[in-house]
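Structure, as structure tokens:
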Amino acid sequence: MPAIAVENSKTIENLLAAYEGESNAHAKYTAFAVKADADGLGGAASLFRACARAEQIHAANHARIIKQLGGEAKCEIHTAEVKSTLENLKTALAGETYEVETMYPGFIEEATAHEITAAVRTFHGAMEAEKTHARLYSEAIALVEAGKKDAWVSAPRKFYVCPVCGYTSETPGEHDRCPVCNVPWERFETVQ
Ligand SMILES: [Fe+2]
Ligand SMILES: [Fe+2]
């Protein structure tokens with residue numbers, strides 16, 4: 001393994017933190033999906049599965065850059081604390097909001113200062129995708145709180161996930177290309 005250049009060490013530390021966060025979000029959302037199905041909220045379960053897939057993509061992207069910079073991608077996966085689906089949606093939203101407002105902006109600033117373009121790119125792609133998750137979780141929370149049984153949270157439904165950056169949408173063919181990373185929409189994965 002190549003030695004880690006001093007100017008890369010802080011960025012690698014941040015990449016590892018992001019890798020751990022995304023890997024644990026994947027595990028957490030997968031567990032939340034099972035609970036949502038059990039709660040009769042199949043649409044919320046679909047959303048958790050779509051976001052879980054996106055977090056897996058983020059983790060893989062971060063891992064690739066960690067390796068490129070001479071680090072080793074490894075982390076601990078914690079057992080997710082599963083509560084009611086409404087509480088799980090709120091936990092998920094809080095995690096996404098932290099990543100969008102605090103974690104990724106700080107990491108992007110640091111990597112930009114050291115001109116580590118590959119790290120800036122993976123952080124930026126993940127941050128933009130997390131914004132779509134935050135929006136969808138917020139909508140789901142509002143519907144569950146309003147007790148809207150006929151709304152999309154109730155029945156399993158399709159979501160579309162960018163295989164490159166994890167951008168997530170509820171609308172088929174929302175764009176011709178991913179608005180974050182420009183991948184053609186026909187390459188998006190369908191998750192239900
Ligand atoms: Fe997310
Ligand atoms: Fe994308």
Side-chain angles (χ1 to χ4, degrees), residues 14-36 43-65 75 77-78 80-82 85-108 117-142 144 153 157-192:
N14 291 342
L15 280 162
L16 283 166
Y19 176 72
E20 173 149 29
E22 299 291 358
S23 301
N24 277 285
H26 170 262
K28 202 186 284 182
Y29 295 168
T30 302
F32 289 175
V34 173
K35 173 65 172 157
S46 298
L47 175 59
F48 280 131
R49 278 189 288 270
C51 293
R53 174 64 187 128
E55 312 309 8
Q56 199 178 35
I57 292 164
H58 296 158
N61 288 344
H62 297 340
R64 203 174 56 248
I65 310 306
C75 72
I77 303 295
H78 312 282
E81 200 187 335
V82 179
T85 291
L86 180 58
E87 285 172 292
N88 294 339
L89 284 165
K90 287 180 177 175
T91 299
L93 176 59
E96 302 289 354
T97 304
Y98 164 72
E99 291 183 354
V100 168
E101 291 181 357
T102 307
M103 187 183 87
Y104 280 124
F107 289 178
I108 289 169
T117 319
V120 174
R121 202 177 298 128
T122 189
F123 288 149
H124 180 261
M127 180 178 74
E128 291 304 314
E130 308 308 11
K131 288 179 188 172
T132 64
H133 297 172
R135 175 180 66 79
L136 290 162
Y137 284 138
S138 297
E139 287 179 26
I141 289 165
V144 174
V153 281
R157 53 155 304 153
K158 290 185 170 78
F159 287 92
Y160 307 91
V161 179
C162 175
V164 173
C165 77
Y167 180 94
T168 304
S169 171
E170 74 279 41
T171 310
E174 184 189 62
H175 300 280
D176 290 338
R177 290 178 167 271
C178 175
V180 176
C181 75
N182 213 35
V183 151
W185 196 270
E186 51 271 25
R187 282 187 53 202
F188 271 51
E189 294 177 15
T190 303
V191 180
Q192 182 160 326

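Indexing begins at 1, ligand by ligand and atom by atom, following the structure's order. When a residue number appears, it is its place in the shown sequence, counting from 1.
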Neighbour count above 12 (heavy atom, 6.0 Å) for Arg187 CZ: no
Cut-off 3.5 Å, side chains only: do Glu130 and His58 have a donor facing an acceptor? yes
Answer whether the closest heavy-atom distance between the side chains of [X] and [Y] falls below 4.5 Å.
X	Y	result
Ser138	Leu93	yes
Arg53	Arg49	no
Tyr137	Cys51	yes

Less than 2.8 Å away from the Fe ion (ligand 1), how many protein N/O/S atoms can be counted, ignoring water? 5
Can you measure from CD (Glu96) to OH (Tyr29) and round to the nearest 0.5 angstrom? 3.5 Å
Rounded to 10 degrees, the angle SG of Cys181 makes with SG of Cys178 at the Fe ion (ligand 2): 110°
